[in-house]
Visitor: 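Pasting a structure below so you can have a look.
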Amino acid sequence: MKASVDALTERLKGRMPKTALVLGSGLGDLVDEIGNAIRIPYGELPGFPKSGVTGHAGQIVAGDLAGVPVLMLAGRAHYYEHGDAAAMRPALEALAGIGIEKLILTNAAGSLEPDMLPGSVMLITDHINFSGTNPLFGEPSDRRFVGLTEAYDAGMRAAFERAAEATATVLHKGVYMWFSGPSFETPAEIRMARLMGAHAVGMSTVPEVILARFLGLRVAACSVITNLAAGMTGAELSHDETKEMAPLGGKRLATILKRMLADGLDG
Ligand code: HPA
């Protein structure tokens, strides 16, 4: 971890952002809006993932957004790539190591709500880990027993809601259920997810939330809805659809994020 903290510190040349964002599908364009940008390919940072998913670039972009110093992770490692739920641990440890205090995670997700259509944005209020795995498997210290009663920071959630209201952007709220992927869910699994209290389903974010709470970071997370979930329309799902539809909600989420940064992240 020290190697990645040192490498990152050196490359940031004295910048000390307190907020980091993980950009999921559809939000990649946000890196182009960063002022005074420093770009660091993951390949130059020890332990950072070599993400192979199309639509994910794999670089850190640090600079100013809405006048606030931020660090963006464009590209993430998913559990389904190598079966390693802790693939993002070195990267998140490096962020904590350079003094990041708040983490905003974004993703693409399928909606379980007929009126939460593709292009919608959903603030994650809680999650269901349906993967059967955990990024803290093997962690030897008692710190592994991380409390997740308030995994999604109340102050940051309030800031999200205020920014949505101030920009007249519709912001849904709901529970995100983590499926391992990479295959999409079946219609039966989606009916089960609904019965269990989920509002959206996806293949990322939850392991990062668990790791970030383990590392003491404050966390908020938001989904961009790219499709109605399996069985809701009769159409087959595809990654092409995810990539095609993500920018729609991505623009809305970018509007909220910029306002939120400008106004402050505390509720
Ligand atoms: N299921 C799981 N992950 C997803 C979906 C979905 O329907 N859409 C985008 N990511």
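As the structure lists them, so they are numbered: ligands from 1, and atoms in each ligand from 1. Not measured: the values here are computed from a predicted model.
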Visitor: If you take the nearest heavy atom of each of S111, P182, S180, G202, which one is closest to atom 3 (N) of ligand 1?
Guide: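 Among S111, P182, S180, G202, the closest heavy atom to atom 3 (N) of ligand 1 comes from G202.
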
Visitor: Would you call the rings of W178 and Y79 parallel, tilted or perpendicular if under 30° counts as parallel and over 60° as perpendicular?
Guide: perpendicular

Visitor: Which ligand 1 atoms are under 4.0 Å away from a heavy-atom of N227?
Guide: 5 (C), 6 (C), 7 (O), 8 (N), 9 (C)

Visitor: Could you tell me whether T242 approaches ligand 1 through its side chain, its backbone, both or neither, with non-hydrogen atoms closer than 4.0 Å?
Guide: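 The side chain, only.
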
Visitor: For a side chain to side chain contact (heavy atoms under 4.5 Å, CB included) check, start with the C-alpha distance between L228 and E113, then their side-chain angles and the critical distance, and finish with the verdict.
Guide: CA-CA 8 Å; L228 291 172; E113 300 292 305; over 6 Å; no

Visitor: In terms of heavy-atom contacts, does NZ of K18 have more than 12 from other residues, nucleotides or ligands at under 6.0 Å?
Guide: yes

Visitor: Hey, does F184 sit under 4.0 Å from ligand 1 if you only count heavy atoms?
Guide: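 In this structure, F184 qualifies as a contact of ligand 1 - some heavy atom is under 4.0 Å.
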
Visitor: Check each atom of ligand 1 against the heavy atoms of L237 and keep those under 4.0 Å away; list them by number with element.
Guide: 7 (O)

Visitor: List ligand 1 atoms under 4.0 Å from E185, heavy atoms only on the residue side.
Guide: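 Numbered from 1, ligand 1 contributes 1 (N), 2 (C), 6 (C), 7 (O).
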
Visitor: Around atom CE of M16, are there more than 12 heavy atoms from other residues, nucleotides or ligands closer than 6.0 Å?
Guide: no

Visitor: What part of A109, side chain, backbone, both or neither, has a heavy atom within less than 4.0 angstrom of ligand 1?
Guide: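 Just the backbone.
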
Visitor: Closest non-hydrogen protein atom to atom 5 (C) of ligand 1, residue and atom name please, with distance?
Guide: G110 N, 3.4 Å

Visitor: Considering the heavy atoms of T226, write down every atom of ligand 1 situated less than 4.0 Å from one of them.
Guide: 8 (N), 9 (C)

Visitor: Closer than 4.0 Å to some heavy atom of A108 - which atoms of ligand 1 meet that?
Guide: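 Per the distance check, 9 (C), 10 (N).
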
Visitor: Would you confirm whether the ring centroid of H127 sits within less than 6.0 angstrom of the ring centroid of Y152?
Guide: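 For Y152 and H127, the ring centres are under 6.0 Å apart.
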
Visitor: Within 45° of the six-membered ring axis of F214 and under 6.0 Å from that ring's centre, is NZ or CZ of R143 located there?
Guide: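 Yes - R143 lies over the ring of F214, closer than 6.0 Å to its centre and within 45° of its axis.
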
Visitor: Is it the case that over 12 heavy atoms from other parts of the model lie below 6.0 angstrom from the CD atom of E165?
Guide: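 Check fails, neighbour count at 12 or below.
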
